[in-house]
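Taking it in order: structure first as structure tokens, then the write-up.
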Amino acid sequence: MRLVVTTEGPHLMLRRTHTCGELRESHVGQTVRLNGWVNAYRGHGTGLTFIDMRDRFGLTQVVFDGADLAKEIMEVADHLRSEDVIAVQGTVRIRVGGPNPKLDTGKIEIVVTKFELLNKTDPLPFIPDDTGTGGKLANEDIRGKYRYIDLRRPTMQKILGIRHKVYQSTRRYFDENGFLEIETPILYKSTPEGAREFLVPSRNVPGSWYALPQSPQLFKQILMVAGCDRYMQICRCFRDEDPRADRQAEFTQIDLEMAFVRREHVMDMMEGFVRRLWKDITGYDVPPIQKMPYREAMERFGIDRPDTRYGLEITDISEIAAKTDVAFFKDVLAKGQDRPKFNSGRGVVKAIRVPGGAEKLTRKLTDGYNEFVRGFGAGGCAVTKVNAAGAFETGIAKFLEPVKAELFAALGLQPGDTILFVSDLYPIATKSLGELRQKVARDIGIVPKPGSEGGPWNFLIVVDFPMFEKDKESGRWIAMHHPFTAPRDDQAKAFVDADVNDDVTIESIVSAGYDIVLNGQEIAGGSVRIHDRAVQSKVFQLLGLTPEQAKEKFSFLLEALSYGAPPHAGIAFGLDRLVMNFVGTSNIRDVIAFPKTQTGQDLMTSAPSKATEDQLKDVHVKSTFVPQN
RNA sequence: GGGGCGGUAGCUCAAUUGGUUAGAGUACUGGACUGUCGAUCCAGUGGUUGCGGGUUCGAGUCCCGUCCGCCUCGCCA
């Protein structure tokens, strides 16, 4: 028996025969080799030392026994510390000291016969243990700087594995359905719509810039014109906007496009994908997904991605409110009553019934709701309770007495309920109550756990979005999805015929777009694209683009669409959010191997960083930035 | 760009009203220890209190500025 400690000199590289997660009683008696990191050491001097060895597959206990091993080996073993990199050869046996039920490999141990210290670690900034120090992980800035250490944590390894499975499941599904995976450029043309873009200066074309793609939208449409029939790509997208807990400037989409389809075909395909993905990753069978028109979502839930796992639905009580003497109801209901229902210029009164709210909602909470809805532009939130005797109490109670029976019927009121009212123009009242509904649900604790924590997976497809909405700042029309989204088939004629100044009609035009919503979170969105030139011109006209401007910005697409473009439609899934759902985290940085901070910095590599004068000169750029101090 | 929370030993945290030499656990180092499994026991090293300025006899603590991290509004499909 030869024992080797190669702290210096040539490595033997005792290459592994098994991973640290796979040895069981059935392996007893075999000679095996493991490679990995020291996860924990339990030394009893040079007589006996236990090492928990870790790789991404698990933990295995290895034993250094002074009765078998040379003293110099035992000396080294006694000084092994967390995260040293080692290789061992030894015999699998039933644990002499009894099993450890916490480990998958807890019934066996390896008695070391050969040992190699592959790399001694320097003292670590933190130990990559899911428990962390004092029950807490190190702060995010430390973990970000040493991301390669944090990624060794079992939880992070598991997440990387889930993400990998999502990639594989995705590619299998779309391959089986006849999709071609095609890469599109990262260095791309700047296009004006949507988010702020990252710019890359050109060296060969002085004064010109590439942009990084917000999405491969135009390329995938052109691939349809190019006869590719069905395209998919797992692609990186870039949007230079401030991040959030669930949003990074650099993120990943599952992007697809299909030719010769209507929206139903795409929705069927994406529903099939969702079903396959959930089956592959979680084993869950996704039931048929309900479709809900945008208008219904807004009416009932006040948001275009409703969380339908709980009630607290919104009710329009404008007609009843009109019969009361509440001044702020009357003021609002004087506005835009000649306009059609749902028009943004029409005043409405809406309410949420909170069952048992009289008890659950404190005065402090309801006072807060008043402030809360003001944040969305509403004047305030009126509150009334139904007392045990079934009478209105507090707030605007006395004004509601005359319509008591109607209100009870409309809202289904019961003793002990609280009613929250907002009166304002349609969009403001709707949004305020939509947001308030979610806040109340959190406050009274009725939001279920997500699917990854044993709660429901609640899918919904939202359809029939408006084509256009008014930009709050400029007052101009903007495309709700993007300017290549087609109107729904039955709306195309009305749209082309509409007067561009007829706001009421324009606002009523419905698109052939669709979103997939999971537990109140948008996980995918797409649309049928315009392949009719008259429709496309009309869109540009509405958006305030002259034919010349449209040509300058999108000539390549418009030309392509004029040379035999098939009807086509597509969708994109936010891959990071899918993975977040599967692993049960609300932090997008958890599911990205090398994420960025709130200021878009990579703490590990220190990107972004200064460029040299020569580099800037090469690309014809001069910085105007003046450092302070 | 706005609002909020945070930054003290390698890590996680504490430090009374502004008052003695800034502490604890853990990690690390040394020692003891032949069946541990969050090993245990003994001893020790370890501090620009993010950075800069100010008030004060005296600042981790108060004030101003600034940097960084997180959450959030704006923004973003």
Side-chain angles (χ1 to χ4, degrees), chain A residues 39-52 59-69 74 78-79 81-83 95-103 105-106 109 111 121-129 131-146 149 193-197 214-215 217 237-249 251 253 304-305 372 375-376 435 462 465 471-473 478-482 485 513-517 521-527 571-574 577 586-587 589 596-599 601 603 606 627-629:
Chain A
N39 194 69
Y41 61 93
R42 294 178 291 278
H44 296 269
T46 53
L48 184 69
T49 291
F50 299 95
I51 298 290
D52 286 342
L59 288 174
T60 301
Q61 172 166 287
V62 302
V63 187
F64 292 79
D65 192 333
D68 304 327
L69 298 173
M74 294 307 293
D78 191 37
H79 286 86
R81 292 295 179 267
S82 291
E83 303 308 307
R95 282 187 180 221
V96 172
N100 181 349
K102 291 180 194 164
L103 299 182
T105 61
E109 64 188 5
V111 199
T121 182
D122 282 343
L124 292 140
F126 60 95
I127 302 294
D129 177 339
T131 316
T133 304
K136 278 184 158 183
L137 297 177
N139 284 326
E140 281 210 45
D141 47 352
I142 302 285
R143 287 191 284 136
K145 182 174 177 185
Y146 302 99
I149 297 175
E193 287 299 317
R196 188 183 297 119
E197 297 169 315
Q214 299 173 38
S215 78
Q217 180 61 36
C237 302
F238 305 89
R239 292 175 189 161
D240 190 5
E241 302 290 350
D242 288 351
R244 287 287 183 278
D246 62 350
R247 217 168 73 191
Q248 287 256 303
F251 64 101
Q253 282 190 345
D304 61 359
R305 45 181 170 84
F372 183 77
F376 301 98
E435 297 292 333
V462 178
F465 289 85
D471 182 64
K472 277 170 234 132
E473 282 169 29
I478 52 173
M480 198 156 177
H481 189 58
H482 58 60
T485 299
Y514 30 78
D515 281 359
I516 299 190
V517 176
Q521 181 188 41
E522 182 193 331
I523 58 167
S527 64
I571 190 166
F573 286 80
R577 287 192 181 167
S586 55
N587 181 349
R589 293 180 299 279
K596 293 187 173 59
T597 68
Q598 289 270 314
T599 52
Q601 300 186 64
L603 297 174
S606 300
Q628 296 186 334
N629 306 336

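Note: hydrogens, waters and symmetry copies are ignored here, and every other heavy atom, side chains too, is used. Residue numbering restarts at 1 for every chain, and letters A, B, ... go by the order of the sequence lines.
- Not a single donor-acceptor pair, N or O on each side, falls under 3.5 Å between the base of B/C70 and the side chain of A/R589.
- Between the CG atom of A/D242 and the CD atom of A/Q248 there is a distance of 12.0 Å, given to the nearest 0.5 Å.
- Of all nucleotides present, none satisfies the Watson-Crick or G-U wobble test against B/U49 with each distance under 3.5 Å.
- Atom-to-atom distance recorded for A/T105:OG1 and A/R95:CZ is 6.5 Å, nearest 0.5 angstrom.
- Separating the CG atom of A/L124 from the P atom of B/U26 is a distance of 18 Å, rounded to the nearest angstrom.
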- Heavy-atom contacts, protein to nucleotides 34-39 of chain B, under 4.0 Å, summarised as B (base), S (sugar-phosphate only) or - (none) per nt, yield SBBBSB
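- A/I127 CD1 to A/L137 CG: the interatomic distance, rounded to the nearest 0.5 Å, is 12.5 Å.
- Nucleotide B/A39 forms a pair with no other nucleotide shown, judged by Watson-Crick or G-U wobble geometry with both contacts under 3.5 Å.
- In summary, A/E241 and A/R196 engage in a salt bridge, as defined by a charged side-chain N under 4.0 Å from a carboxylate O.
- The partner of B/G10, taking Watson-Crick or G-U wobble pairs whose two distances both stay under 3.5 Å, is B/U26.
- With the nearest nucleotide of RNA chain B identified for both A/D246 and A/E241, A/D246 has the one nearer the 5' end.
- For B/U26, neither phosphate oxygen OP1 nor OP2 lies less than 4.0 angstrom from any side-chain nitrogen or oxygen of A/T133.
- At a cut-off of 3.5 angstrom, the base of B/C76 holds no donor-acceptor pair with the side chain of A/R239.
- Listed candidates were B/G10, B/G30, B/A77. Nearest to the side chain of A/P125 is B/G10.
- Ion pairing between A/R42 and A/D52 holds under the 4.0 Å rule for side-chain N and carboxylate O.
- The closest donor-acceptor contact from the side chain of A/Q214 to the backbone of A/A195 lies under 3.5 Å.
- With rounding to whole Å, A/D78 atom CG is found 11 Å from B/U29 atom P.
- Each of B/C71, B/G74, B/G10 was ranked by its minimum atom distance to the side chain of A/A245; first place goes to B/C71.
- Using N1 to N3 plus N6-O4 or O6-N4 for Watson-Crick, or N1-O2 and O6-N3 for G-U wobble, each under 3.5 Å, B/C57 pairs with B/G19.
- The backbone N or O of A/D141 lies less than 3.5 Å from no partner atom in the side chain of A/N139, so there is not a single donor-acceptor pair.
- The listed nucleotides are B/A77, B/C70, B/U12; the one nearest the side chain of A/A138 is B/U12.
- We find that A/D515 and A/R305 are not joined by a salt bridge, their nearest charged nitrogen and carboxylate oxygen being 4.0 Å or further apart.
- Note that the CE atom of A/M480 and the OG atom of A/S527 stand 12.5 Å from one another [nearest 0.5 Å].
- Atom NE2 of A/H481 and atom CZ of A/F465 lie 9.0 Å apart (nearest 0.5 Å).
- The CG atom of A/D242 sits 14 Å away from the C1' atom of B/C70 (whole-angstrom rounding).
- Residues passing the side chain to side chain donor-acceptor pair (under 3.5 Å) test with A/S82, sequence neighbours excluded: none.
- Taking side-chain N and O atoms only, A/K136 has a distance below 4.0 Å to OP1 or OP2 of B/C13.
- A/P123 comes within 4.0 angstrom of nothing in the nucleic acid, heavy atoms only.
- At whole-Å resolution of the value, CZ in A/R577 and P in B/C76 are 14 Å apart.
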What N/O pairs connect the protein and nucleotides 6-9 of chain B at under 3.5 Å? Give each pair on its own line.
none

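- In this structure, NZ of A/K596 is placed 13 Å from P of B/C70, rounded to the nearest angstrom.
- Between A/I127 atom CD1 and B/G25 atom P the separation is 18 Å, expressed in whole Å.
- Nucleotide B/A77 holds its P atom 12 Å from the CG atom of A/D471, rounded to whole Å.
- Spacing between atom CD1 of A/I142 and atom C1' of B/C13 amounts to 14 Å, rounded to whole angstrom units.
- When heavy atoms are screened at a 4.0 angstrom cut-off, A/T49 is found touching no nucleic acid atom at all.
- Base-pair partner of B/G74: not found among the strands shown (Watson-Crick or G-U wobble, both distances under 3.5 Å).
- OP1 or OP2 of B/C71 sits under 4.0 Å from a side-chain N or O of A/Q598.
- At B/C73, one or more side-chain N or O atoms of A/R244 fall inside 4.0 Å of OP1 or OP2 (strictly under the cut-off).
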